[in-house]
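Below is one structure; the comments refer to it alone.
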Amino acid sequence: MRAPHTLSEWEIPMATKRLVVMEKKRQRTPNNQSAALRPTVARKVMFSPAEIGASPGRTAAFDPRLFLAKLAAGKTSLEYQGSESVFSQGDAADAVFYIQSGKVKLTVVSKSGKEAVVAILPEASFFGEGCLAGQPVRMATASAVQQSSIVRVAKPVMLNLLHQEPEFAERFLAYLLSRNIRMEADLVDHLFNSSEKRLARLLLLLANFGQESKPIPVIAKMSQETLAEMIGTTRSRVSFFMNRFRELGFIDYDGGGMHVHSSLVSVVLHD
């Protein structure tokens, strides 16, 4: 198996209808059908922050913990297990949350009971900020994807911090804008990409490939039902693609979780 490529200068595109210069290799099977996608050698592809949803370099040094540490009151640190709810849709919106470690999933349920995943937020993300704009109740449910450490900051305390710390306010706004761009990219991915590409992109994002934070190739195991829910397909389809990724050497498993190789990006770039 070819050694995995690094993604130090690669980014995950938000749509497949993008011109990407790369080498494509296909093998022919005895019945003259195209063989399954194999790892290929791809050239480095550069995209601007606006295209990929990455925040500008100026926000890379933003460390909210330095500001949150100054808070003497109105702040609570809580631990959550996988699938445990942080807040539910319809709850009173009275605080902002910050993920110190772990990941959080935001979901919305319609009146008919249909559930949709809005976003998967990684470590160092804020959520629940709608209360700062006067949102009276939560419009989504937030739940931990894995064991997570989360800081809860009461709404009045957060507003005071934004007023008293101009630097924090500026960086916080930049973060929210960059996250909105990322969520738009997720929507485009959901609308136009195949379920196989959506799954590959999700695994890469869960492993932090293509983001400012350092990649974490080994991610906690997730049920296939959870992955299916995140990309809007069935568990059987996820099972099929996961087995295929494993056979091709894009992922593997050990006692610590799932290991995601950077070569999985070839599935996203393949057209």
Side-chain angles (χ1 to χ4, degrees), residues 5 7 9-22 24 37 40 42-57 59-60 99 103-110 114-127 129-130 139-142 145 173-213 215 219 222 226-234 237-238 240-242 244-245 250-251 260 262-271:
H5 306 295
L7 283 184
E9 296 181 42
W10 288 1
E11 297 293 351
I12 303 171
M14 65 180 181
T16 60
K17 300 305 181 181
R18 177 189 303 281
L19 296 178
V20 179
V21 181
M22 63 177 292
K24 297 180 180 178
L37 178 65
T40 58
R43 301 174 187 173
K44 292 178 181 178
V45 184
M46 301 298 293
F47 300 106
S48 69
E51 290 178 303
I52 60 174
S55 55
T59 62
I99 307 172
K103 289 182 173 65
V104 169
K105 175 177 65 173
L106 300 181
T107 58
V108 176
V109 179
S110 68
K114 186 175 181 180
E115 186 177 71
V117 177
V118 177
I120 303 295
L121 303 178
E123 180 179 323
S125 297
F126 284 96
F127 63 99
E129 70 282 347
M139 303 302 293
T141 294
V145 175
L173 177 59
Y175 160 77
L176 292 180
L177 292 174
S178 65
R179 197 190 72 188
N180 284 344
I181 294 173
R182 156 73 186 283
M183 292 175 69
E184 288 178 2
D186 291 343
L187 177 59
V188 172
D189 175 66
H190 190 79
L191 292 175
F192 296 110
N193 284 345
S194 66
S195 55
E196 181 181 25
K197 291 185 178 181
R198 296 201 303 272
L199 178 59
R201 181 175 182 271
L202 173 62
L203 294 177
L204 289 165
L205 290 173
L206 289 174
N208 285 354
F209 285 115
Q211 302 180 53
E212 291 177 357
S213 53
I219 60 178
M222 292 186 186
T226 298
L227 293 173
E229 181 183 86
M230 291 179 183
I231 64 172
T233 189
T234 62
R237 294 296 288 168
V238 168
F240 173 80
F241 293 134
M242 293 294 283
R244 185 182 184 192
F245 293 164
F250 294 144
I251 64 173
V260 179
S262 59
S263 55
L264 182 60
V265 76
S266 62
V267 177
V268 182
L269 295 177
H270 184 76
D271 194 4

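Reckoned from all heavy atoms, side chains included, excluding hydrogens, waters and symmetry mates.
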Note to self: Would the distance check show the side chain of Arg198 and the main-chain N or O of Asp189 forming a donor-acceptor pair, the cut-off being under 3.5 Å?
What the structure shows: no
Notebook entry, point to check: Do the side chains of Lys197 and Val268 get nearer than 4.5 Å, heavy atoms only?
Noted result: no
Margin query: For Ala124 versus Tyr175, what's the shortest heavy-atom pair and its separation?
Written below: O-CE1, 4.3 Å
Next item on the list: Side-chain contact test, heavy atoms from C-beta onward, threshold under 4.5 Å: evaluate it for Ile181 versus Leu177 and give yes or no.
Entry: no
Notebook entry, point to check: Under a 4.5 Å cut-off applied to non-hydrogen side-chain atoms, are Leu203 and Leu264 in contact?
Noted result: yes
Next item on the list: Taking the side chain as every heavy atom from C-beta outward, state whether Leu199 and Arg237 have any atom pair closer than 4.5 Å.
Entry: no
Note to self: Just so I know, are the side chains of Arg244 and Phe250 near enough to count as touching, which here means a heavy-atom distance under 4.5 Å?
What the structure shows: no
Check: So Phe245 and Val267, side-chain contact (heavy atoms from CB on, under 4.5 Å) or not? Walk me through it.
Finding: CA-CA 9 Å; Phe245 293 164; Val267 177; 4.1 Å; yes
Note to self: Distance check, rounded to the nearest 0.5 Å: Phe127 atom CZ versus Glu129 atom CD?
What the structure shows: 9.5 Å
Next item on the list: Test side-chain contact (heavy atoms from CB on, under 4.5 Å) on Thr141 and Val109 and set out the steps.
Entry: CA-CA 8 Å; Thr141 294; Val109 179; 5.6 Å; no
Check: Quick one: are Ile231 and Val238 in side-chain contact, heavy atoms under 4.5 Å?
Finding: yes
Notebook entry, point to check: Got a sec, which residues hit side-chain contact (heavy atoms from CB on, under 4.5 Å) with Val118, two or more places apart in sequence or on another chain?
Noted result: Leu106, Val108, Met183
Item checked: Ile120 side, atom CD1; Leu205 side, atom CG - distance, nearest 0.5 Å -> 9.5 Å
Margin query: On a heavy-atom basis, which atom in Lys103 and which in Pro122 lie closest, and how many Å separate them?
Written below: CG-CA, 4.0 Å
Checklist line | Check: Phe126 main-chain N/O paired with Arg179 side-chain donor or acceptor under 3.5 Å | finding: yes
Note to self: If you define the side chain from C-beta out and look only at heavy atoms, does anything of Val145 sit under 4.5 Å from Met230?
What the structure shows: yes
Margin query: Using side-chain heavy atoms (C-beta onward) and a distance below 4.5 Å, is Leu206 in contact with Val260?
Written below: no
